[in-house]
There are 2 protein chains.
Amino acid sequence: MSIPKLSKLEMQIMDALWTKGECSVREIHDEFPEKGRPAYTTVQTMVNRLEAKGAVERAKKIGNSLIFRATLSRTAAHRRLVDEFFSFFDGRVQPVIAHLIQSGKLTGEDIKEAQKLLKEHTEKREPR
Amino acid sequence: MSIPKLSKLEMQIMDALWTKGECSVREIHDEFPEKGRPAYTTVQTMVNRLEAKGAVERAKKIGNSLIFRATLSRTAAHRRLVDEFFSFFDGRVQPVIAHLIQSGKLTGEDIKEAQKLLKEHTEKREPR
DNA sequence: TACCTTCAACCACAGAGGTAGTAGAGAATG
DNA sequence: CATTCTCTACTACCTCTGTGGTTGAAGGTA
């Protein structure tokens with residue numbers, strides 16, 4: 001199957017797995033900031049659903065607790081999100097850029113960085 | 001209340017209103033490409049929900065059919081979407097840009113355009 | 001061993017979104 | 001006027017998310 005769609009909460013859980021590596025539900029739960037932290041069982045439910053979606057798998061068992069591992073890469077999940085998002089704009093990036101600039105999220109630095117990346121990218125596919 | 005969150009289908013419906021102006025449910029329905037067009041009543045349901053969310057209002061009645069008008073602007077809805085989306089990335093634009101470049105969505109043209117917009121933007125807020 | 005803690009597993013439930021059917025009012029037409 | 005078409009209004013139903021309670025097994029501890 002293709003890359004599963006992940007909701008916001010699911011992404012937060014994956015984030016814990018991606019940054020901390022293999023984790024128990026308890027560890028994932030603790031990663032949430034105290035303020036607005038969901039119940040332990042909520043995290044548990046989401047981890048189970050992620051497992052059902054194939055985004056996560058059981059790595060091993062320590063004592064009576066399961067340790068999970070992300071099987072879906074952060075990059076793949078992000079790409080999925082980006083594609084999904086841009087489909088709202090017919091795949092056109094320009095309107096999005098306009099909003100980013102107006103809200104001050106996109107700076108000159110970012111643009112410079114983008115140019116560098118683009119150059120690397122094109123050079124890689126069209127080596128002279 | 002603040003800007004309501006709109007789903008994909010809801011956005012498609014708003015798109016019809018935004019581009020065609022005031023519309024009846026029938027007209028909105030007809031805007032969908034034949035392939036994968038939802039049932040008339042489905043569109044109706046969504047329009048009602050959009051009305052409940054305050055994104056749309058009844059402009060007038062012609063015969064026995066209602067004509068709707070968007071009360072939420074395309075810009076506001078888009079900004080909402082963009083903010084929502086970037087919150088997945090902690091508000092950082094760079095990882096998104098990387099994906100865009102890798103998938104070929106972001107071209108040199110786009111970057112040039114972005115620079116122009118950014119210049120205009122900064123000049124407007126900090127006129128020398 | 002008897003108790004306390006910690007998990008996994010399972011269950012429940014509400015809200016949003018997507019999908020659509022049906023009933024009944026009104027308009028249009030022969 | 002009677003029939004047919006077209007809309008609105010209402011209802012139903014399924015899936016996905018988010019949320020969290022309950023139960024019972026496993027492990028640790030006095």
Side-chain angles (χ1 to χ4, degrees), chain A residues 1-16 22-69 77 80-81 84 87-88, chain B residues 1-16 22-69 77 80-81 84 87-88:
Chain A
M1 73 221 83
S2 62
I3 300 167
K5 185 185 172 183
L6 303 186
S7 70
K8 188 160 189 141
L9 219 209
E10 287 172 329
M11 282 293 285
Q12 286 180 270
I13 287 168
M14 293 305 288
D15 256 323
E22 304 185 353
C23 281
S24 64
V25 173
R26 169 73 38 199
E27 288 170 302
I28 296 171
H29 184 238
D30 290 343
E31 279 298 291
F32 280 84
E34 294 187 50
K35 214 185 114 53
R37 179 185 288 168
Y40 177 85
T41 45
T42 300
V43 175
Q44 213 178 14
T45 302
M46 299 314 285
V47 172
N48 287 334
R49 288 178 185 169
L50 284 169
E51 196 189 355
K53 286 185 184 184
V56 140
E57 68 181 3
R58 295 164 185 220
K60 56 192 168 191
K61 190 162 189 170
I62 295 181
N64 68 347
S65 57
L66 295 169
I67 307 299
F68 292 89
R69 172 201 302 139
R80 171 69 155 85
L81 259 186
E84 173 98 351
S87 77
F88 271 98
Chain B
M1 72 221 81
S2 63
I3 299 166
K5 184 182 172 186
L6 302 187
S7 69
K8 190 161 188 140
L9 219 210
E10 288 172 328
M11 283 292 284
Q12 287 181 269
I13 287 168
M14 292 305 289
D15 255 325
E22 304 184 352
C23 279
S24 64
V25 173
R26 170 76 36 201
E27 287 170 303
I28 296 170
H29 184 238
D30 289 345
E31 278 299 289
F32 280 83
E34 294 186 53
K35 213 184 116 52
R37 178 185 289 168
Y40 176 85
T41 46
T42 299
V43 175
Q44 212 178 13
T45 301
M46 299 315 285
V47 171
N48 287 333
R49 288 177 185 172
L50 284 169
E51 197 188 356
K53 287 186 184 183
V56 140
E57 68 181 2
R58 294 165 187 220
K60 56 191 169 190
K61 189 161 189 171
I62 295 182
N64 67 348
S65 57
L66 295 170
I67 307 300
F68 292 89
R69 172 200 304 139
R80 168 67 155 88
L81 258 185
E84 173 98 352
S87 77
F88 271 97

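Numbers restart at 1 for each chain; the letters A, B, ... are given by sequence-line order, proteins then strands. Keep in mind the model is a prediction, meaning the values are calculated, not measured. All values below were derived from every heavy atom in this structure, side-chain atoms included, with hydrogens, water molecules and symmetry-related copies excluded.
- A:Ser65 pairs by the side chain to side chain contact (heavy atoms under 4.5 Å, CB included) definition with nothing, not counting sequence neighbours.
- Straight-line distance from the NZ atom of A:Lys61 to the P atom of C:dT6: 17 Å, rounded to whole Å.
- Residues satisfying the side chain to side chain donor-acceptor pair (under 3.5 Å) test with A:Lys8, not counting sequence neighbours, are B:Ser87.
- Residues in residues 28-47 of chain B take part in no side-chain hydrogen bond (donor to acceptor under 3.5 Å, both in side chains) pair, two or more places apart or across chains.
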Every protein N/O within reach of nucleotides 13-18 of chain D N/O, cut-off under 3.5 Å:
unit_1	atom_1	unit_2	atom_2	d
D:dT17	OP2	A:Lys53	NZ	3.2
D:dG18	OP2	A:Ser7	OG	2.4
D:dG18	N7	A:Arg49	NH1	2.9
D:dG18	O6	A:Arg49	NH2	3.2

Pairwise N/O distances under 3.5 Å, protein to nucleotides 3-7 of chain D:
unit_1	atom_1	unit_2	atom_2	d
D:dC7	OP2	B:Arg26	NE	2.7
D:dC7	OP2	B:Arg26	NH2	2.9

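- Residues forming a side chain to side chain donor-acceptor pair (under 3.5 Å) with A:Arg69 (at least two apart in sequence, or on another chain): A:Glu22, A:Glu57.
- Between B:Thr41 and A:Thr41, the residue anchored closer to the 5' end of DNA chain D is B:Thr41, taking for each the nucleotide with the nearest heavy atom.
- Identified under the salt bridge (charged side-chain N to carboxylate O under 4.0 Å, His left out) test for residues 42-51 of chain A, with sequence neighbours left out: A:Glu51-A:Arg58.
- Per the geometry, CG belonging to B:Asn48 stands 9 Å off P belonging to D:dC10, to the nearest Å.
- Looking at heavy-atom distances under 4.0 Å, A:Arg58 makes contact with sugar-phosphate atoms alone, never a base.
- Taken to the nearest 0.5 Å, the CZ atom of A:Phe68 stands 9.5 Å off from the CG atom of A:Leu50.
- Rounded to 10°, the helix from C:dT1-D:dA30 to C:dG30-D:dC1 has 10° between the axis fitted to its first five pairs and the one fitted to its last five.
- Residues passing the side chain to side chain contact (heavy atoms under 4.5 Å, CB included) test with A:Ser24 are A:Arg26, A:Glu27, A:Ile67, sequence neighbours excluded.
- Taking atom CD1 of B:Ile62 as the reference point, atom C1' of D:dT8 lies 15 Å away to the nearest angstrom.
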